[in-house]
Number of protein chains: 2
Amino acid sequence: MPETLITTAAPAAPPRASSIRPPRPASRSRVVGENLTLLYEGGRNRALYRVVDGCVVLSQLLNDGRRQITDVLGPGRLFGFTIDGRNIATAETLSIARIEPLGDADLNATNPAVASELKTTLHRMQIHATLLGRKTASEKVASALVELSRLFNRTGRNGAARLSFHLHLTRADLADWLGLTVETVSRCLNRFKREGLIDFSHPKTMRVLDPERLEATAGFTRQQTGETTRP
Amino acid sequence: MPETLITTAAPAAPPRASSIRPPRPASRSRVVGENLTLLYEGGRNRALYRVVDGCVVLSQLLNDGRRQITDVLGPGRLFGFTIDGRNIATAETLSIARIEPLGDADLNATNPAVASELKTTLHRMQIHATLLGRKTASEKVASALVELSRLFNRTGRNGAARLSFHLHLTRADLADWLGLTVETVSRCLNRFKREGLIDFSHPKTMRVLDPERLEATAGFTRQQTGETTRP
DNA sequence: CGTCTACTTGACACGCATCAAAATTGGTGG
DNA sequence: CCACCAATTTTGATGCGTGTCAAGTAGACG
């Protein structure tokens, strides 16, 4: 039984520069966001980890500090893949998360479970690339809500989804995940709230009021719906 | 020795709808682009392939026809990964390409070479996600040129790079890869030409005149440059 | 209660999409 | 080789979505 790590919030760090626009003057010394624990960065560790509870994000940075979150991991997901001993991405935990290292026997990429995880992550990345390159701001935010509600929704004691979930990401994290700015994310969320798609009193506690309309707003890839047209 | 497939251009198909904007009226019956051979689409085949020569692209589609090319494969790359028997992405060859199927013995994802390819692809996807979400149009186009010149440049007989390469992608493909429109791609390319970064007389034959300035225009991830700042 | 940070909201600007049309390239048949 | 048509690429004019800048509000924590 592997030991379980419990990571907690790190002390505040200077703000980072994001946004989509050209090189900003900013070039901060600390690259991770506030309230985060940096698990490793660009090739420091050699173990694979499993998320037990909470939320871990993978990210990349440009030289001037612009950040892209490439994946959001919920319970069960593995991370820490390396190429030639260097980690593929930077990983951070959001608020409190429990992670456990995989045993040495499982560290090999030829392990079927690990290979399967690689393919899953790759598939998710493809879908996310489509979101980043081809979706509008509204579609992006709606997609994120659908995705996060699936990852983190708590089922009631009767087993039915409550459609209320804890948003582990800040608005800035969402922006860095979706290729937007904090302001645009905030505007979309509040518009959805006005339109009755979602509700939130606390900014981190989301409730989906109209899942169908939300999913329609999110847009779909053809594969996801199974539709494939041929002449 | 596995047989080698030679794929050629397919007959013309109706145009597809791309662009980043909301649902377009368009919803065409044929989903692949012109002059392309569709290798498989959303879960039709079970073999892994290796690109021997030419260029293969992986793509995804949204319901209304918007397309995102998620990766561009040059010689040596593998593709055709599946999850539960369904292909992760749609693959198409551009113009003429030679591909060969991997032997049955190699089909297992636990094969080290296959696992390594998965990680390589995943790493490339992360870098591309950063491009899609956080780079400007100029940075995107410059990055694409740098990347394609590495994939397809022909070394002279003395072994020195000639920095001239065949652009397998059309402007529309580039746009779908970079999350832009055809017009923006064309404008960037011609601006780079005016500024002396690149040159091309034929639209498909690119020559890099100033690799350093081009790479500077492309921007870098911190990992790529090896730079990592800590407090 | 004061301070700090995250979040929200408004006014404005600009990069890139959109729309339109001309120029170039590619292919086919005479 | 040239004429002709379709597709691609280029170029210009214009508009919109989203980024930028700025100010205000709300929670969290001492």
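Lettering of chains follows the sequences in order, A, B, ..., and the numbering in each one begins at 1.
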Q.
Does a side-chain N or O of A:Thr184 approach OP1 or OP2 of D:dG19 to a distance below 4.0 Å, or not?
A. yes

Q: Using only side-chain N and O atoms of B:Asn190, determine if any of them is under 4.0 Å from OP1 or OP2 of D:dT9.
A: no

Between N or O atoms, less than 3.5 Å apart, protein on one side and nucleotides 24-30 of chain D on the other: list the pairs.
none

Nearest-Å distance, [atom1] ([X]) to [atom2] ([N])?
X: B:Lys204; N: C:dT24; atom1: NZ; atom2: P; value: 18 Å
X: B:Arg171; N: C:dT25; atom1: CZ; atom2: P; value: 11 Å
X: A:Lys135; N: D:dG17; atom1: NZ; atom2: P; value: 18 Å
X: B:Phe200; N: D:dT8; atom1: CZ; atom2: C1'; value: 13 Å
X: B:Lys140; N: C:dC16; atom1: NZ; atom2: P; value: 8 Å
X: B:Leu167; N: D:dT8; atom1: CG; atom2: P; value: 14 Å
X: A:Leu132; N: D:dT18; atom1: CG; atom2: P; value: 13 Å
X: A:Met206; N: C:dC7; atom1: CE; atom2: C1'; value: 11 Å

Q) Is the side chain of B:Ser143 donor-acceptor paired with the backbone N or O of B:Ala218 at a distance under 3.5 Å, no angle test? A) yes

(Q) Do B:Arg134 and B:Phe220 form a cation-pi contact, if we require the NZ or CZ to be under 6.0 Å from the six-membered ring centre and within 45 degrees of the ring's axis? (A) no

Output the single nucleotide from [options] whose closest atom is nearest the side chain of [X].
X: A:Thr181; options: D:dT11, D:dG19, C:dT8; value: D:dG19
X: B:Ala137; options: C:dC16, C:dT8, D:dT9; value: C:dC16
X: B:Thr136; options: C:dT8, C:dC16, D:dT9; value: C:dC16
X: B:Ser186; options: C:dA17, C:dC7, D:dT9; value: D:dT9

Q: Please name the residue in the list B:Lys140, B:Arg67, B:Arg171 that meets the salt bridge (Lys or Arg N to Asp or Glu O under 4.0 Å) test with B:Asp176.
A: B:Arg67

Nucleotide N/O to protein N/O under 3.5 Å, stretch nucleotides 10-13 of chain C:
residue	atom	partner	partner atom	Å
C:dG10	N7	A:Arg187	NH1	2.9
C:dG10	O6	A:Arg187	NH2	3.3

Q: Verify the distance criterion only: is there a donor paired with an acceptor across the side chains of A:Glu92 and A:Ser59 at less than 3.5 Å?
A: yes

Q) What's the verdict on side chain to side chain donor-acceptor pair (under 3.5 Å) for B:Thr120 and B:Arg77, showing C-alpha distance, side-chain angles and the deciding distance? A) CA-CA 9 Å; B:Thr120 300; B:Arg77 293 286 304 283; over 6 Å; no

Q: Could you check A:Arg66 against B:Thr130 for side chain to side chain donor-acceptor pair (under 3.5 Å), going step by step and ending with a plain yes or no?
A: CA-CA 9 Å; A:Arg66 282 174 285 176; B:Thr130 305; over 6 Å; no

